[in-house]
Number of protein chains: 2
Amino acid sequence: MSKKEITIYDLAEKLGLSAATVSRALKDHPAINSETKKKVFALAKKMGYRTNKFASNLRKQKTNTIGVIVPRLNSPFMSSVLSGIEKTANNKGYNIIISQSLESEAKERSNVFTHFNNRVDALIVSLSYETDNMDHFQSFINKEIPLVFFDRVPESINATKVVIDNFRAGYEATLHLIEQGYKDIVHITGNIKRNVYKDRFEGYKRALTDHNILYREDNFICNDLSEDAIYNCIHNQILTRKKLPDALFITNDTSAAFALSILKENGIKIPSKMAIIGFNNDLISKVTEPNITTINYPGYQMGETVARIAIEKIDNKSEKDVTSTVILNAELVVRGSTVKR
Amino acid sequence: MSKKEITIYDLAEKLGLSAATVSRALKDHPAINSETKKKVFALAKKMGYRTNKFASNLRKQKTNTIGVIVPRLNSPFMSSVLSGIEKTANNKGYNIIISQSLESEAKERSNVFTHFNNRVDALIVSLSYETDNMDHFQSFINKEIPLVFFDRVPESINATKVVIDNFRAGYEATLHLIEQGYKDIVHITGNIKRNVYKDRFEGYKRALTDHNILYREDNFICNDLSEDAIYNCIHNQILTRKKLPDALFITNDTSAAFALSILKENGIKIPSKMAIIGFNNDLISKVTEPNITTINYPGYQMGETVARIAIEKIDNKSEKDVTSTVILNAELVVRGSTVKR
DNA sequence: TTGTATGCGTTATCAG
DNA sequence: CTGATAACGCATACAA
């Protein structure tokens, strides 16, 4: 087989047909004689023909591609979401181009720009840790290209969003701790600029006040939830206290597992001396000792949903773009790290 | 701003220039007057111009896109690799289109075909669990499109591969157990059709025989390493034995952590009654109790390497395609699950 | 430094 | 059922 690309003209010439007919045959157009189709397909296969998507896209002004921007690829939650997106998109004949913002606004901005130039049919985004200014999404909004946010979504932009009820999740997690008798509850979370962290935080506070527990600022710790951050936080902001808190609500299972591990090393019994509650229901929460109580965050399902919505929007381009917020269920999963026996 | 797409012709007309000049100006072509460039850029920005990649690709016969096919997106190892690929590719101005084979040969085949039609500049692949027939890659080979495999690589195809020395890793893991005094070592692993599992298995066997331990077939267990498989395996093939084995070598940390958790529930003390060694050095191996001894598999670095190689191949298309195998280091990480104190 | 002309491969329209 | 033709938007060889 040679390196030269075969085009419909090559096929047409060899078959004594026009390029138009070959094109139609290849698309299984109903108006083409089935004998003709057979011949075309046979020769196409024989000569190693492959359709040229650029030419086709150029002509059709559509790419069958969906852009995805996530903060990082390598977290259990995000990879579940991506898996769901890929599966759904692929089933519907879409490709996905994935890029990471690496939690940087500048990178996110440049990624958005790239996807814009690539003329993705839709863009799916979870915001970076630090994004303040949302102007870079304006190009998609102006051109009315479907834009769907999930998990870390902007408040200021009028676009479809898929989330869980983070306020409620934060409330329920805290409520559970209170019900188990814990009162001095430290909340360790990410930048409250982002809805996910802010809403959980609000839920936490509300649960406290609803139960006549005073919210104390020193019980609110905000960092990037990385291994280093958790290590430093536990060592410098928890273990140094004269009176240890009796529970930690950490908004990420990986961090919670890591914290649990450090606390145990330092002789803190879990949950008798200190309870821990995480977030996400990653597998890691099921292998620590004790297992970690957490909030089940349906990542894969979120991926499916967000992809489905994006594709629906592509298909119904004509209809007025209905902006909506989809809220998926997230429920408490009680395990050993919060329940004394 | 309107929905209409602006082209270089629109810009040219408004500026009283030719499309060619605008095209060159936009690319910062050296032969264009800098005043002209300024005017072009200004108007382009003002009118919301965006370059049309299809037209450009169609013209240039290059996509600046790399296709990636992985068995699944959502494993800690794979998401690290993907993260490394994305980072490297993005730095070099390439987009990545990711698809999952979901461990199915048919899906992999169709993914390869899609990437081929998308005219990716290179294809990066880790094989599905069940792929036997490698014919679907022939199209890439025939057209001399760079094809790079990593982790689960084919033996029969003459293409560049990036791997670790799985034989050696298997040997060292087993050797470590032997040195710690364990003799009845069960190896739980994936389909030995795949190099990664086969080579580790060979390493395991060699370590045994090198130390005068008889390899027994009933100590070799092969399954898909899923949670269910591990659960069943531990319950039906380990705990039912009259004489329990004294060590498990499981080729995946997630599975190892899960196995450890189950064994502990059943009253088996780790490592005094049974040792466990995993594979990958995922975070999960550091939060179980005891922590799990494992082989450090440099996923992120593998991603960087494989992307770098793919891009080098794209750039040096002229040179005879040198097929090589790159072997990254993977070393033993000793932790509590194998060392009695 | 800029312009002219052309082709990249496909598909839609219109005509037969 | 099939063909001729004209775009789609850009980049380049060649001319000026």
Side-chain angles (χ1 to χ4, degrees), chain A residues 2-41 43-44 47-65 93 114 116-121 143, chain B residues 2-41 43-44 47-65 93 114 116-121 143:
Chain A
S2 92
K3 283 186 65 179
K4 182 179 173 316
E5 291 291 346
I6 308 298
T7 72
I8 51 173
Y9 291 104
D10 299 321
L11 300 179
E13 195 182 357
K14 282 246 202 285
L15 290 166
L17 288 169
S18 75
T21 303
V22 173
S23 172
R24 292 187 187 107
L26 256 9
K27 304 249 86 96
D28 208 18
H29 188 113
I32 300 290
N33 185 309
S34 63
E35 283 307 309
T36 311
K37 282 183 192 169
K38 271 188 201 144
K39 278 190 283 187
V40 172
F41 278 118
L43 186 66
M47 297 184 67
Y49 167 81
R50 59 170 168 168
T51 179
N52 186 318
K53 285 258 172 98
F54 317 144
S56 173
N57 288 340
L58 176 59
R59 187 55 231 246
K60 293 192 302 189
Q61 306 285 30
K62 184 169 189 283
T63 64
N64 266 274
T65 296
T114 303
F116 186 64
N117 280 342
N118 278 330
R119 280 170 159 71
V120 293
D121 292 333
K143 285 262 189 324
Chain B
S2 92
K3 284 186 65 180
K4 184 182 172 314
E5 290 291 347
I6 308 299
T7 73
I8 51 172
Y9 291 104
D10 299 320
L11 300 179
E13 194 182 358
K14 281 248 202 290
L15 291 166
L17 290 168
S18 76
T21 303
V22 173
S23 172
R24 292 186 184 108
L26 256 9
K27 308 247 83 95
D28 208 18
H29 188 111
I32 299 291
N33 186 307
S34 62
E35 283 307 309
T36 310
K37 283 183 192 168
K38 271 188 200 146
K39 277 189 282 187
V40 171
F41 278 119
L43 185 65
M47 296 184 68
Y49 168 81
R50 58 171 169 169
T51 179
N52 186 319
K53 286 256 172 103
F54 317 143
S56 170
N57 288 341
L58 177 59
R59 184 57 228 255
K60 292 190 303 189
Q61 304 287 28
K62 184 170 190 280
T63 64
N64 266 274
T65 296
T114 302
F116 185 64
N117 280 343
N118 277 329
R119 283 174 157 70
V120 294
D121 292 333
K143 285 262 188 326

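Lettering of chains follows the sequences in order, A, B, ..., and the numbering in each one begins at 1.
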Point-to-point distance, once rounded to the nearest 0.5 Å, from CZ of A:R119 to CG of A:N57: 10.5 Å

If I take atom NZ in residue A:K53 and atom C1' in nucleotide C:dT11, what distance separates them, rounded to the nearest angstrom? 15 Å

So which one's nearest nucleotide on DNA chain C is more toward 5', B:H29 or B:R119? B:H29

With side chain to side chain contact (heavy atoms under 4.5 Å, CB included) as the test, pick out the partner of A:K14 among A:I6, A:L43, A:V22. A:L43

Rounded to the nearest 0.5 Å, what separation is found between the OG1 atom of B:T7 and the CD atom of B:E13? 9.0 Å

Could you state the atom-to-atom distance from CZ of A:R59 to C1' of C:dG7 in whole Å? 16 Å

Going 5' to 3' on DNA chain D, which nucleotide is the first and which the last to come under 4.0 Å of a heavy atom in chain B? D:dG9 to D:dC14

Pairwise distance CD(B:E5) to CD(A:Q61) - rounded to 0.5 angstrom: 7.0 Å

Roughly how many Å is it from CD in A:Q61 to P in C:dT10, rounded to a whole number? 17 Å

Give the rounded distance in Å between these two atoms: CD of B:E13 and P of C:dG3. 14 Å

Categorize B:K27 for me: base, sugar-phosphate, or nothing, with a 4.0 angstrom heavy-atom threshold over every strand shown. sugar-phosphate

Hey, which sits more toward the 5' end of DNA chain C by its nearest nucleotide, B:N33 or A:A55? B:N33

Passes side-chain contact (heavy atoms from CB on, under 4.5 Å), A:T21 versus A:V40? Steps please. CA-CA 9 Å; A:T21 303; A:V40 172; 5.8 Å; no

Could you give the CG-to-C1' distance, from B:L11 to C:dG3, as a whole number of Å? 17 Å

Using a cut-off of 4.0 Å on non-hydrogen atoms, how would the nucleic acid contact of A:F54 be classed: base, sugar-phosphate, or nothing? nothing

When the distance from CG of B:D28 to P of C:dT2 is rounded to whole Å, what number comes out? 13 Å

Is there any salt bridge (Lys or Arg N to Asp or Glu O under 4.0 Å) pair reaching into residues 19-33 of chain A, and which pairs are they, with sequence neighbours excluded? A:D28-A:K37

Residues in contact with DNA chain D, drawn from residues 17-25 of chain A - heavy-atom cutoff 4.0 Å: A:L17, A:S18, A:A20, A:T21, A:R24

Sorted by position of nearest nucleotide on DNA chain D, 5' first, the leading residue of A:I32 and B:Y49 is A:I32

What is the distance from CG of A:N52 to C1' of C:dT11, rounded to the nearest Å? 12 Å

Spacing of B:L17 atom CG and B:I32 atom CD1 [to the nearest 0.5 Å]: 8.5 Å

When rounded to whole Å, the CG to P distance for the pair B:N57 and C:dG9 reads 13 Å

Assign each of A:Y9 and B:K60 the nucleotide of DNA chain D bearing its closest heavy atom; nearer the 5' end lies the nucleotide of A:Y9

Strictly by modelled atom types, are A:K53 and B:N118 linked by a side-chain donor-acceptor pair under 3.5 Å? yes

Any side-chain heavy atom of A:T63 within less than 4.5 Å of one from B:F54? yes

